[in-house]
8 protein chains.
Amino acid sequence: MVQAYILIQTEVGKSSNVAEVISQITGVVQAEDVTGPYDVIVRAEAETVDDLGKLVVAQIQKVEGITRTLTCPVVHL
Amino acid sequence: MVQAYILIQTEVGKSSNVAEVISQITGVVQAEDVTGPYDVIVRAEAETVDDLGKLVVAQIQKVEGITRTLTCPVVHL
Amino acid sequence: MVQAYILIQTEVGKSSNVAEVISQITGVVQAEDVTGPYDVIVRAEAETVDDLGKLVVAQIQKVEGITRTLTCPVVHL
Amino acid sequence: MVQAYILIQTEVGKSSNVAEVISQITGVVQAEDVTGPYDVIVRAEAETVDDLGKLVVAQIQKVEGITRTLTCPVVHL
Amino acid sequence: MVQAYILIQTEVGKSSNVAEVISQITGVVQAEDVTGPYDVIVRAEAETVDDLGKLVVAQIQKVEGITRTLTCPVVHL
Amino acid sequence: MVQAYILIQTEVGKSSNVAEVISQITGVVQAEDVTGPYDVIVRAEAETVDDLGKLVVAQIQKVEGITRTLTCPVVHL
Amino acid sequence: MVQAYILIQTEVGKSSNVAEVISQITGVVQAEDVTGPYDVIVRAEAETVDDLGKLVVAQIQKVEGITRTLTCPVVHL
Amino acid sequence: MVQAYILIQTEVGKSSNVAEVISQITGVVQAEDVTGPYDVIVRAEAETVDDLGKLVVAQIQKVEGITRTLTCPVVHL
């Protein structure tokens with residue numbers, strides 16, 4: 001199992017809606033609005049890095065109003 | 001009361017107008033054009049962090065010509 | 001109550017230890033190692049923005065091996 | 001007269017002291033701690049761009065604990 | 001002969017297609033999807049720096065869905 | 001007299017044309033295509049910081065294909 | 001198997017030596033000096049994301065002269 | 001012949017001296033102090049990309065007080 005934080009930038013004025021829509025996607029544990037260089041921070045999980053990549057590209061990035069996503073996989077050192 | 005600086009990037013050629021329009025918004029103390037990685041720097045205040053977030057998303061980001069805002073809340077350490 | 005994500009960069013080779021030490025601090029909910037532009041992502045909470053600022057400056061930034069912290073307060077829009 | 005915002009990054013744990021010391025420098029109008037990618041935001045003024053550069057390099061950057069300064073001159077368009 | 005890595009950001013949801021199309025271009029050795037601040041990393045080669053610049057501007061940047069490219073020429077020190 | 005370097009990012013595929021058009025603008029000394037995080041680097045000069053700001057906003061940013069400009073005034077320390 | 005590009009910044013004047021030392025580490029496929037915002041680009045592989053994290057933190061970041069590493073796992077979409 | 005701009009960040013308080021020392025190096029055409037995210041902007045030239053890399057690593061980065069250099073080769077498209 002791979003967990004990750006996904007740091008998201010949205011179009012201006014869209015962050016609230018983006019967080020709401022993302023929080024419904026399977027594999028997403030939590031999605032919250034934040035202030036600072038990112039607008040929404042998501043916690044998600046998937047079976048493999050490739051599945052995580054697909055979750056981000058095929059589902060999260062499809063949400064209207066997202067301009068950039070930055071995936072940070074959690075590592076257990 | 002929460003104060004914050006809001007560092008704004010605008011579409012090319014829009015910074016002057018953006019600063020003018022923002023300076024009329026309630027809660028905005030000052031809005032000025034600058035050169036460098038940001039185009040406009042705003043000082044604003046609100047009752048709470050959530051109110052500040054709403055001010056930014058619901059009012060400032062509605063101004064035409066803004067591409068990114070970066071909110072930096074003032075902290076009293 | 002104010003929640004925040006704190007995105008942390010550490011000196012090379014220190015991320016694992018930094019996450020462990022931070023996770024013991026009162027007010028810190030979770031601290032995990034990640035890959036990407038940040039090395040550790042922390043979730044913390046405090047009574048006010050000022051308390052959050054003090055938690056970051058007076059306690060988290062005291063942890064040996066941290067080079068930069070970026071606080072992203074959660075906002076409820 | 002040239003005004004500018006100076007966005008400052010400090011060593012971890014030093015922001016509060018940096019803001020205090022900077023606020024005493026002649027030409028500095030205000031110096032406040034913030035959260036986000038910068039730690040202290042300063043407003044300063046000088047006669048010319050060269051004087052502003054000297055104020056930053058010869059006085060503000062001399063304050064112990066500063067790692068980067070980013071000067072954003074105000075422009076009147 | 002000049003080799004280079006080209007770090008590419010794409011529009012959301014376009015990275016997979018961008019990598020596929022780029023991998024067909026003459027001069028491109030490899031093009032792969034990655035996670036993090038970049039979406040696709042390309043390895044390319046050309047006769048001179050100017051030819052490399054032309055390859056990037058005239059061919060790679062023509063691929064639909066690319067928003068930024070960052071060319072990092074390999075140097076033999 | 002104020003001199004400045006202006007670091008410019010363009011839409012993909014537009015850098016060559018942007019450099020050509022900018023080099024015709026009064027106050028622009030030189031405009032060249034580069035590789036790396038910026039696409040065009042311009043050297044310009046104006047009477048004052050405000051005039052420089054006007055040159056950038058009213059003329060350079062009007063050139064079609066520019067997405068960001070970053071003005072770096074030269075200082076004589 | 002997980003592949004990744006690791007974008008490395010080094011202390012000034014150390015890039016050549018860093019690339020040489022890293023290229024000897026098991027799991028590293030290639031390590032080259034580049035110009036631009038990064039100094040060395042490495043291609044590495046490991047069994048899992050956690051193993052990749054350990055390779056980076058326990059071995060690559062131990063190389064003298066490295067200041068930041070940015071791991072970009074390859075994803076097969 | 002390869003020309004390049006080299007964007008330099010220095011330790012706080014060192015920019016003026018860095019510019020002076022660099023301007024003496026063979027291959028350096030001009031070195032000036034600037035304000036903004038960079039502290040010194042250099043124009044240099046060399047026979048090849050590899051020679052340019054050597055000029056930067058073996059000579060410019062040896063100057064005391066430099067923390068980062070970013071080389072942007074000029075391209076003729």
Side-chain angles (χ1 to χ4, degrees), chain B residues 1-24 27-46 48-53 55-57 60-61 63-77, chain D residues 1-24 27-46 48-53 55-57 60-61 63-77:
Chain B
M1 205 64 161
V2 178
Q3 283 93 27
Y5 289 94
I6 304 162
L7 313 177
I8 295 177
Q9 295 183 328
T10 70
E11 292 169 29
V12 288
K14 298 288 179 62
S15 60
S16 172
N17 190 52
V18 164
E20 259 181 69
V21 176
I22 288 178
S23 64
Q24 321 277 329
V28 170
V29 180
Q30 192 169 33
E32 292 177 300
D33 292 290
V34 294
T35 72
Y38 307 104
D39 303 305
V40 176
I41 293 184
V42 171
R43 189 177 170 94
E45 58 188 23
T48 67
V49 174
D50 288 350
D51 289 343
L52 182 67
L55 171 64
V56 172
V57 169
I60 291 177
Q61 292 191 347
V63 175
E64 203 260 314
I66 293 180
T67 54
R68 283 292 305 161
T69 67
L70 171 51
T71 304
C72 303
V74 174
V75 289
H76 306 91
L77 301 175
Chain D
M1 205 64 160
V2 178
Q3 284 92 27
Y5 289 95
I6 304 162
L7 313 177
I8 296 177
Q9 295 183 327
T10 69
E11 293 170 28
V12 287
K14 298 288 179 62
S15 59
S16 172
N17 190 54
V18 165
E20 261 182 67
V21 176
I22 289 178
S23 64
Q24 321 277 329
V28 170
V29 179
Q30 191 169 35
E32 292 177 300
D33 292 289
V34 294
T35 72
Y38 307 104
D39 303 305
V40 176
I41 294 183
V42 170
R43 189 177 170 94
E45 57 186 26
T48 67
V49 173
D50 288 349
D51 289 342
L52 183 66
L55 170 65
V56 172
V57 169
I60 292 177
Q61 292 191 347
V63 176
E64 202 260 317
I66 293 179
T67 54
R68 282 294 301 161
T69 67
L70 171 51
T71 303
C72 303
V74 174
V75 290
H76 306 90
L77 302 174

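Throughout, protein chains are lettered first and strands after them, A, B, ... in sequence-line order, and every chain is numbered starting at 1.
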Among residues 30-46 of chain B, those lying within the under-4.5 Å heavy-atom range of chain D are B:Q30, B:E32, B:D33, B:V34, B:T35, B:P37, B:Y38, B:I41, B:R43
Taking heavy atoms only and a threshold strictly under 4.5 Å, list by residue number the residues of residues 8-16 of chain B that touch chain D; give 'none' if the list is empty. B:S15, B:S16
Of the non-hydrogen atoms in B:T69 and B:Q61, which two are nearest, and what is the gap between them? OG1-NE2, 2.8 Å
Distance-minimising heavy-atom pair for D:A4 and D:T71: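 Shortest heavy-atom separation between D:A4 and D:T71 comes out as CB-CG2, 4.1 Å.
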Within-4.5 Å side-chain heavy-atom neighbours: D:V28 and D:I60: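 In short, these two side chains touch, coming nearer than 4.5 Å.
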Could you state the interatomic distance from SG (D:C72) to CD1 (D:I6), rounded to the nearest 0.5 Å? 9.0 Å
